[in-house]
There are 2 protein chains.
Amino acid sequence: MNQVICTVDVVLLTIRHDALMVAVIAREHAPFKGRLALPGGYIHANEDHNAYDAAIRVIKEKAGIVAPYLEQLLTFSGPARDPRGWSVSIAHYALVPFDLVYQADNDVKLIKVDGKLSLPFDHDTMVQKALERLSNKSQYSSLPCFLAGDMFTLPQLQRIYEVLMGEPINKVTFRRKIGEMDMLELVEGGFAASGAHRPAQLYRLKNAFRQRLMLLERGM
Amino acid sequence: MNQVICTVDVVLLTIRHDALMVAVIAREHAPFKGRLALPGGYIHANEDHNAYDAAIRVIKEKAGIVAPYLEQLLTFSGPARDPRGWSVSIAHYALVPFDLVYQADNDVKLIKVDGKLSLPFDHDTMVQKALERLSNKSQYSSLPCFLAGDMFTLPQLQRIYEVLMGEPINKVTFRRKIGEMDMLELVEGGFAASGAHRPAQLYRLKNAFRQRLMLLERGM
DNA sequence: TGAATAGTGTCTTTGAGACAATATTGC
DNA sequence: GCAATATTGTCTCAAAGACACTATTCA
């Protein structure tokens with residue numbers, strides 16, 4: 001009556017060339033052995049403090065990194081989503097700067113999220129729900145900063161916001177909002193030169209905002 | 001290694017005399033037998049289609065009603081939250097008009113949520129998270145309508161919004177927003193007389209909005 | 001008629017977006 | 001200087017809130 005399989009899955013997202021990418025790995029075991037799927041695994045009751053810790057462990061084991069941002073997404077459940085039987089998967093989503101995924105020693109493949117994914121289980125739905133959550137939260141928080149690297153320019157950050165929200169933002173408004181949030185500090189003497197034009201000032205997140213989200217009263 | 005207990009819990013909320021109340025029931029079995037706690041129970045793998053259906057079943061069994069609004073909240077997990085062992089509880093929250101809870105034949109008790117609750121397990125946290133979610137969603141959606149009855153006046157609805165959001169709303173702005181959402185229809189000849197003053201017009205939700213939320217671009 | 005709440009009109013203030021002017025770089 | 005992008009100033013327009021006026025009921 002309570003034969004329920006308990007797992008966690010992680011929708012690990014990053015951004016590259018103005019495109020959102022999701023991390024997938026070839027499955028080592030049945031079911032769907034060899035197929036590309038979201039990183040995931042059983043909850044280890046003897047080892048994990050809770051599902052969040054299980055997700056941290058999965059990211060570390062499968063992608064070799066510690067994600068700057070990780071949040072519980074939704075829990076998927078039912079008799080048919082996993083051929084092994086009635087199952088529960090506590091889905092999470094993680095945001096990681098591209099360099100962090102790329103430099104790590106892992107077998108992760110990155111797939112653009114705008115095409116058809118055709119992942120096994122209900123992983124397509126998980127990705128879709130993660131994108132919805134991300135799109136919503138980006139409108140009224142500092143969440144997108146976790147996809148930028150340690151240092152970034154305001155035009156770069158604006159492009160990230162635009163990719164996540166799926167629509168252009170007014171430049172003046174964007175800078176006003178970022179100013180209101182008061183979460184960035186200027187990198188002294190740091191400029192990003194990228195061609196025959198004025199270089200952009202580099203910024204970094206203030207320490208206080210590396211651990212928590214800044215919320216906006218009114219959205220972007 | 002995968003000895004995990006799987007349950008669902010429901011934060012069933014209603015509003016009475018401008019105060020938010022949560023439904024609790026005396027526990028029939030150990031642990032915490034006799035203590036007031038959120039309605040919940042094991043997932044029945046042979047019977048439930050998924051966790052959402054399990055929550056519907058729990059509400060029906062324990063409170064004798066079908067909630068107009070039900071949504072998955074968060075999943076709570078860990079070795080210590082339930083004395084029976086490493087457990088997962090998929091928490092949901094439900095919104096129900098007061099009359100529906102009150103008329104039903106059940107053993108539900110309603111407690112104001114503003115005092116200290118001291119519920120067993122991590123149920124206090126569940127209630128707190130439900131209130132946060134409710135407060136957030138109320139700012140930019142029609143969610144509070146599910147706490148009103150079949151018919152209601154605009155002043156009544158405004159008071160519900162104010163209770164959920166925890167702050168007063170400008171009357172003119174409120175009516176402008178409700179008008180924009182275009183989700184209410186006037187009840188012909190329906191007025192709520194309540195004393196020595198002009199009676200208020202009764203409205204009801206248009207049919208299309210009984211099943212889905214209306215979202216606002218900018219919040220209340 | 002007076003008190004009380006419902007409902008509406010309108011003015012003021014605030015904030016978002018448009019536009020454009022200035023700044024800095026490599027060629 | 002010219003092209004290209006960064007950064008900032010300012011004007012315009014739309015939305016939110018304040019205020020007040022009218023409407024309707026019962027005592």
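Each chain gets a letter, A, B and so on, in the order the sequences are listed, and its residues count up from 1. On a predicted model such as this, the values are computed, not experimentally measured, just so you know.
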S.K.: Which parts of nucleotides 15-25 of chain D does protein reach within less than 4.0 Å, heavy atoms only, written one letter per nucleotide 5' to 3' as B for base, S for sugar-phosphate only and - for none?
M.R.: SBBBB---BBB

S.K.: Quickly work out the A/F152 CZ to D/dA6 P distance and round it to whole Å.
M.R.: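 After rounding, the gap between these two atoms is 15 Å.
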
S.K.: Just the rounded figure in Å: distance from C1' of C/dT25 to CD of A/Q201.
M.R.: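 Result: 15 Å.
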
S.K.: Below 4.0 angstrom from OP1 or OP2 of C/dA6, is there any side-chain N or O of B/R159?
M.R.: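 For C/dA6, OP1/OP2 do have a side-chain N/O of B/R159 under 4.0 Å.
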
S.K.: When the distance from CZ of A/R175 to P of D/dT5 is rounded to whole Å, what number comes out?
M.R.: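 Those two atoms, CZ and P, are 14 Å apart.
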
S.K.: In this structure, how many angstroms lie between the C1' atom of D/dT5 and the CD atom of A/Q156, rounded?
M.R.: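 It is 13 Å, rounded to the nearest whole Å.
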
S.K.: Within 45 degrees of the axis of the six-membered ring of A/F32 and under 6.0 Å from its centre: does A/R27 put its NZ or CZ there?
M.R.: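 No; the conditions do not both hold, so A/R27 does not lie above the ring face of A/F32.
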
S.K.: C/dG15 P sits how many Å from B/E217 CD, rounded?
M.R.: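 Rounded to the whole Å, the gap is 19 Å.
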
S.K.: Answer yes or no: does atom CG of B/D107 have more than 12 heavy-atom neighbours from other residues, nucleotides or ligands under 6.0 Å?
M.R.: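 No, because the 6.0 Å sphere around CG of B/D107 holds 12 heavy atoms or fewer from other groups.
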
S.K.: Separation of B/Q158 atom CD from C/dT8 atom P, in whole Å?
M.R.: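 So the CD-P distance, B/Q158 to C/dT8, works out to 13 Å.
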
S.K.: Looking at B/G40 and B/K62, what are the two nearest heavy atoms and their distance?
M.R.: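 Scanning both residues completely, I find the closest heavy atoms to be O-NZ, 2.9 Å.
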
S.K.: Under a 4.5 Å cut-off applied to non-hydrogen side-chain atoms, are B/D114 and B/L20 in contact?
M.R.: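 B/D114 does not reach B/L20 side chain to side chain.
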
S.K.: Expressed as a whole number of angstroms, how long is the span from B/Y203:OH to C/dA6:P?
M.R.: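 Spelled out: OH on B/Y203 to P on C/dA6 is 12 Å.
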
S.K.: Answer whether the closest heavy-atom distance between the side chains of A/V10 and A/L38 falls below 4.5 Å.
M.R.: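 A/V10 does not reach A/L38 side chain to side chain.
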
S.K.: Do you know the tightest heavy-atom contact between A/I169 and A/Y161?
M.R.: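 Answer, listing the atom of A/I169 first, then A/Y161: CD1-CB, 3.6 Å.
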
